[in-house]
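Okay, so here's the structure we're looking at.
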Amino acid sequence: MSKSPTSYSDLADRVVRHYKKTKRDLPWRKNRAAYKVWISEIMLQQTRVAAVIPYYERWFNRFPTVEALANAPLDDVLAHWSGLGYYSRARNIHTSAKELHQHYGGQLPQDAKELRSLPGIGRYTAGAISSIAYGKREPLVDGNVARLLSRVFEIEEDIKSTSAIKQLWELCTKMVPAGSPGEFNQGLMELGALVCLPKNPKCGHCPLEPVCLAHAHDRTGELPVQAKRKKDSDKPLLERDALFVIRRGKILLAHRVPKGLFGGLWELPQTPSRPELAGLLSLSLSFHGKKPGMVHSQVLSHRRLCIRVWPASAEGRTKLAASTSYQALKWYPLSQLTTLGISSASKAIFQNIAELRAINREQQ
DNA sequence: AAGTCGGGGAG
DNA sequence: CTCCCAGACTT
């Protein structure tokens with residue numbers, strides 16, 4: 001890495017001034033209460049601003065305070081996270097809320113180190129809460145900041161490498177100003193999100209253009225250096241057979257254990273192959289067709305998911321076999337599925353089921 | 001240091 | 001199709 005092209009305080013001033021002038025009017029910028037900053041920062045992890053906004057607005061109607069959140073059932077919390085992905089974030093928020101309610105009087109601590117003791121709050125989020133909500137001089141580095149600073153300072157190493165990450169945090173630790181740390185941190189991220197784009201950065205609109213090494217050397221297209229990611233088509237295919245059965249107006253659902261993939265969510269009971277379904281559920285099944293009623297495919301971060309849905313009739317009393325994936329079964333009214341935590345894949349399947357049933361009713 | 005954990009919008 | 005997003009946690 002090259003020597004800094006200008007003083008850190010000059011650089012920070014440029015960022016803060018530009019941020020004050022051009023910042024977007026986002027919901028979480030109306031109110032800097034620590035609880036609200038916390039929830040927004042968790043929702044924004046690996047998630048785009050546009051995707052978060054409706055979830056953020058809905059959240060505080062149902063969970064207006066840390067205490068309300070601590071006292072809510074996990075199903076309710078996951079229902080309000082349905083479709084956002086990375087569901088451990090919601091589980092960790094719930095666990096943290098109970099911890100905050102019990103031991104911190106419902107208040108988030110101001111100290112970054114103390115914040116990091118809460119599940120789901122890592123180095124980035126602790127810095128964000130501490131600086132934005134409490135005005136503490138704490139740095140933060142996210143994907144936007146890493147890209148921006150790798151260009152400004154011409155960091156040549158892979159920005160995911162331990163060495164580059166260490167450099168980035170050291171840089172930010174030095175740069176973050178005592179006077180307006182929250183605005184500086186948000187300003188860096190805002191620049192990364194709107195100006196210092198991955199491709200075709202808008203250097204003409206950047207307050208750091210005069211001091212940016214990559215721009216000076218016409219290398220914004222080469223930086224940051226990043227390892228190639230795995231192509232979707234190279235991800236292993238996970239095929240599952242799911243059971244769709246309705247009895248007395250209720251659909252049979254399975255509750256996943258609260259960890260791992262889709263932890264704590266509800267879905268159609270599914271197994272690696274169709275013959276295993278009856279054993280999992282202790283039911284006598286007769287399938288309605290030789291072909292699945294529908295097939296849903298979806299790409300996840302590390303695999304491709306393909307779920308075949310098999311309509312069937314069932315006899316017997318459900319009893320969940322010992323399972324590494326499920327903790328419970330439940331017959332549930334199809335119309336009330338919005339009150340449970342379900343993934344986007346399940347949401348699509350349930351919607352498809354509802355539409356097919358509506359068509360069948362019209363034809364009768 | 002590498003793997004796991006979702007989902008969707010942009011191009 | 002591929003790319004990447006206001007990361008954290010486990011192994």
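Computed from a predicted structure; not experimentally measured. Sequence lines set the chain letters: A, B, ... in the order given, protein chains first and strands last, and positions in each chain run from 1.
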Under 4.0 Å protein heavy-atom contacts per nucleotide of nucleotides 1-11 of chain C, with B for base, S for backbone only and - for none: -B-BBBBSS--
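Spacing between B:dG6 and C:dT11 at atom P, rounded to whole Å, works out to 16 Å. With P as the reference atom, C:dA6 and B:dG3 are 25 Å apart, rounded to whole Å.
In summary, A:R29 and A:E190 engage in a salt bridge, as defined by a charged side-chain N under 4.0 Å from a carboxylate O. One finds no salt bridge joining A:K174 and A:E170 here, because no Lys/Arg side-chain nitrogen approaches an Asp/Glu carboxylate oxygen to under 4.0 Å. In this structure, A:R304 does not pair ionically with A:D232, as no charged nitrogen and carboxylate oxygen lie closer than 4.0 Å.
If you measure from atom CZ of A:R303 to atom C1' of B:dT4, you get 8 Å, rounded to the nearest angstrom. Rounding to whole angstrom units, NZ of residue A:K347 and P of B:dG6 are separated by 14 Å. Across the protein-nucleic acid pair, A:M43 atom CE and B:dC5 atom P stand 22 Å apart, rounded to whole Å. A:F262 has its CZ atom 9 Å from the C1' atom of B:dC5, to the nearest Å. The nearest whole Å value for the distance from the CG atom in A:L300 to the P atom in B:dG3 is 17 Å. Computed from coordinates, the A:L238 CG to B:dG6 P distance equals 12 Å when rounded to whole Å.
Side chains of A:V37 and A:N31 form no contact here, defined as non-hydrogen atoms less than 4.5 Å apart.
Mapped onto DNA chain B by nearest heavy atom, A:L84 and A:S163 fall at different nucleotides, with A:S163 at the one closer to the 5' end.
Cation-pi geometry between A:R256 and A:W266 is not met at under 6.0 angstrom from the ring centre and within 45 degrees of the axis. Cation-pi geometry between A:R89 and A:Y86 is not satisfied (NZ or CZ under 6.0 Å from the ring centre, within 45° of the ring normal).
When heavy atoms are screened at a 4.0 angstrom cut-off, A:R91 is found touching no nucleic acid atom at all.
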